[in-house]
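Here is the structure we will look at, set down as structure tokens.
All heavy atoms count here, side chains included; hydrogens, waters and symmetry mates do not.
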Amino acid sequence: MQKSLQVTEPQSPGSDSDGIDQVHDQRIVIPTKFVSIADSLEKREHSRLMTSQIPTDLSMQVQEITFNVYKYPLVSKCGYIGRLELQRSISNYGYNLKLENFPGGSETFEIILKFCYGLPVDLNPNNIASLRCASEFLEMTEEFEDGNLITKTEAFLTFVVLSSWKDTITVLKSCEALSPWAENLQIVRRCCDSLAWKASRKNSSTGDAVHEEGWWFDDIAILRIDHFRRIITAIRAKGTTPEIIGKCIMHYAERWLPGMVMEIGVRGYGHGKNELQYSICSQEEEGGIAHSNEQKEIIESLISMLPPQQEAVSCKFLLQMLKMAMVYSATPALTSELEKRVGMMLEDASVNDILIPSYKNFDKGKLTNSPEQCTMHDIDVVQRIVEYFLMHEQQQQQQQQKSGKCNISKLLDNYLAEIARDPNLSVTKFQVLAKSLPENFRTCHDGLYRAIDTYLKTNRSLSEHDRRRMCKIMNCEKLSLDARVHAAQNDRLPLRTIVQVLLSEQLKMREEMLDKNGNTSEPEGNQSSTNMEIKTMKAELENMKAELENMKTKMEALQSDYSELQQEYGKVSNKPKNASGWAFSWRKIRNSFHAKLDGDETGDGRQRPNPARKRSFKRRSSIF
């Protein structure tokens with residue numbers, strides 16, 4: 001810690017004959033004028049020095065204020081000024097001195113001048129910290145005078161301030177502008193320890209402690225993040241419960257991170273994200289880079305302060321912190337730690353909580369998304385969170401603890417249904433996220449079917465291959481009756497999936513009929529015949545699939561022939577006589593094709609398909 005001193009020329013010369021009368025009513029003015037505190041002090045206390053008509057012999061500048069004072073009272077109490085080798089100014093005004101980086105500024109220096117002149121000084125929580133730092137700067141120790149300012153301010157801090165909660169908060173708040181002096185003099189440490197002791201004592205007391213457990217949250221929430229962190233560390237060391245510490249951290253975050261109150265709503269696709277972007281960008285424009293760095297420091301500090309216990313903070317708060325950490329590009333290690341903690345509590349989350357927009361880095365203070373074709377939501381973050389949940393779930397199974405499989409399957413299916421409305425979401429991303437949960441986690445696939453149907457509704461131009469890929473995720477046998485009825489009539493699904501739904505419905509109906517007829521009491525011969533019927537139905541399903549593939553191949557060949565005929569027709573379109581010949585050829589090809597289809601359906605060695613299968617073929621033909 002260095003004290004900077006500069007010997008300078010006075011800004012405007014004075015005259016010895018001017019005396020005190022010519023600076024009447026000019027105690028503190030702009031730097032272009034000199035200030036004499038003589039008159040103001042004479043009016044209050046009629047000091048002996050002020051009435052002696054002795055001209056001031058020292059000009060001291062603190063910040064932009066110049067004080068014309070007597071050198072002897074300051075030298076007698078301030079070791080720092082006494083050690084200086086002052087050089088006389090070329091003017092008639094005596095010596096000139098400039099104090100740079102003076103703790104507390106000009107207001108604190110004026111109070112010290114009063115003390116040096118022997119006038120009463122009012123010590124209070126608002127000025128005690130600055131006076132203690134300034135007295136240390138000027139070396140106002142007992143070596144120069146008994147009861148010097150260092151001793152008085154120390155006694156006031158110890159016996160008055162630290163015994164009062166409110167006064168300690170006031171002093172600690174004032175220390176924010178006194179770094180590093182307040183830190184080096186242990187003022188901050190003593191205030192933080194005193195506050196931590198009072199808060200922990202009240203929390204551990206009996207009576208209405210539960211009702212008043214948050215009585216101190218508002219007071220320490222006004223403090224700077226580094227002071228808040230020291231208080232939380234001290235409170236934790238004194239045995240305060242993680243729940244109370246977590247609530248205090250959440251209260252502090254609500255005050256200092258206004259972006260956390262913005263919700264990413266499920267209704268109105270993308271609306272909540274745009275609101276949050278506007279909020280963050282507005283704050284960036286107002287505060288600039290300094291504000292952004294301050295917010296980032298607060299976020300990283302709060303994350304590092306979170307108690308390790310799961311019950312300390314809610315899953316919703318962790319996800320809000322995760323979103324803010326992504327907005328302000330917090331340290332990747334802290335962001336990863338948040339993702340792991342969310343994964344451990346994922347069963348407590350809601351769909352709205354895990355809808356995390358695709359935040360990108362700030363570009364000159366504005367939030368941008370690049371490239372243009374990107375998803376509205378960050379799917380990768382949710383994918384990692386699910387993986388952390390599965391790891392935690394595996395550990396719980398080894399310890400034979402309660403599982404949250406059912407809640408997670410519903411949560412993920414609802415999340416898939418929400419992001420399925422994004423037209424930029426690829427089939428692969430959707431498929432990977434849907435398959436991230438093991439098969440035994442989903443007892444019912446209704447939610448997954450709803451998500452797939454929403455995706456197909458959003459992406460109507462999806463190819464047949466991609467639609468099949470989407471539907472492979474779903475197990476038709478785990479659909480409810482309502483879902484199977486809807487799927488059987490859903491023209492967005494591939495025909496193969498519809499057939500699977502119908503077959504699973506027939507199997508379920510057969511099983512229900514067997515159960516009603518006392519299937520358990522039937523002889524083994526009947527059971528084996530039932531199993532044979534089921535195998536026969538599955539074989540028929542495979543035959544139907546092969547026929548559908550054959551039909552598709554023939555239709556593709558027909559479309560190719562039709563394209564060739566169109567080209568030929570274009571070449572001879574100017575010759576009317578060929579038009580009737582082309583039409584005759586086309587009718588011949590069409591009749592031969594239908595004849596071939598009828599032959600395939602009623603050929604030798606194969607029975608005519610039942611009416612249900614005919615309807616399936618007709619449905620397929622209508623799709624083509």
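- Across all non-hydrogen atoms, the minimal contact from Met345 to Cys315 is O-SG, 3.4 Å.
- Note that CG of Asp466 is 9.0 Å distant from CD of Gln431, once rounded to the nearest 0.5 Å.
- In this view, His486 and Tyr449 satisfy the side-chain hydrogen bond (donor to acceptor under 3.5 Å, both in side chains) rule, not counting sequence neighbours.
- Residues Ser358 and Asp378 have side chains that never bring a donor and an acceptor to within less than 3.5 angstrom of each other.
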* For Glu294 and Trp256, run side-chain contact (heavy atoms from CB on, under 4.5 Å): C-alpha distance rounded to whole Å, both residues' side-chain angles, the deciding distance at 0.1 Å, then the answer. => CA-CA 10 Å; Glu294 179 185 359; Trp256 289 90; 3.9 Å; yes

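- For the side-chain hydrogen bond (donor to acceptor under 3.5 Å, both in side chains) test, residues two or more places apart in sequence or in another chain that qualify with Lys429 are Asp380.
- The residues Glu464 and Arg467 are annotated as salt-bridged, a charged nitrogen and a carboxylate oxygen being separated by less than 4.0 angstrom.
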Please set out all donor-acceptor pairs under 3.5 angstrom arising from side-chain atoms of residues 433-442, sequence neighbours excluded.
| residue | atom | partner | partner atom | Å |
| --- | --- | --- | --- | --- |
| Ser436 | OG | Leu433 | O | 2.5 |
| Glu439 | OE2 | Lys478 | NZ | 3.2 |
| Arg442 | NE | Asp413 | OD1 | 3.0 |
| Arg442 | NE | Asp413 | OD2 | 3.4 |
| Arg442 | NH1 | Ala434 | O | 3.1 |
| Arg442 | NH2 | Asp413 | OD1 | 3.0 |
| Arg442 | NH2 | Ala434 | O | 3.3 |

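- Shown here are the salt bridge (charged side-chain N to carboxylate O under 4.0 Å, His left out) partners of Glu183, two or more places apart in sequence or in another chain: Arg230.
- Among residues at least two apart or in separate chains, there is no ring-ring contact (aromatic ring centres under 6.0 Å, His included) pair with a member in residues 294-313.
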* To do: Any chance you could lay out the side-chain contact (heavy atoms from CB on, under 4.5 Å) test for Phe430 and Ile379, step after step, and finish with the verdict?
  => CA-CA 9 Å; Phe430 185 97; Ile379 313 299; over 6 Å; no

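- Residues that satisfy the salt bridge (charged side-chain N to carboxylate O under 4.0 Å, His left out) test with Arg255, not counting sequence neighbours, are absent from this structure.
- Shown here are the side chain to side chain contact (heavy atoms under 4.5 Å, CB included) partners of Lys238, two or more places apart in sequence or in another chain: Ala196, Trp197, Ser200.
- Residues meeting the salt bridge (charged side-chain N to carboxylate O under 4.0 Å, His left out) test with Glu176, sequence neighbours left out: Lys173.
- Atom-to-atom distance recorded for Asn475:CG and Leu448:CG is 10.0 Å, nearest 0.5 angstrom.
- Taken from CG in Leu257 to CG in Leu302, the straight-line distance is 6.0 Å, to the nearest 0.5 Å.
- Pairing each heavy atom of Ser292 with each of Tyr328, the nearest pair is OG-CD2, 3.7 Å.
- For Arg484, the salt bridge (charged side-chain N to carboxylate O under 4.0 Å, His left out) partners are Glu505, not counting sequence neighbours.
- Put simply, CG on Leu223 and CG on Leu195 are 7.5 Å apart, with the number rounded to the nearest 0.5 Å.
- Evaluation of the side-chain hydrogen bond (donor to acceptor under 3.5 Å, both in side chains) rule for Arg236 yields no partner, not counting sequence neighbours.
- Contacts of Met250 classified as side chain to side chain contact (heavy atoms under 4.5 Å, CB included), with partners at least two apart in sequence or in another chain: Val313, Ser314, Phe317.
- Applying the side chain to side chain contact (heavy atoms under 4.5 Å, CB included) test to Thr233 and every residue at least two apart in sequence or in another chain returns Arg229.
- Counting only distance, with no hydrogens or angles, the side chain of His377 and the backbone of Pro357 share no donor-acceptor pair below 3.5 Å.
- A donor-acceptor pair under 3.5 Å is formed between the side chain of Tyr455 and the backbone N or O of Val427.
- When all heavy atoms are compared, the tightest approach of Ile498 to Asn490 is CD1-O, 3.5 Å.
- Crowding of Glu243 atom CD: a count of heavy atoms from other residues, nucleotides or ligands under 6.0 Å exceeding 12.
- Taken to the nearest 0.5 Å, the CG atom of Asp353 stands 10.0 Å off from the CG atom of Leu346.
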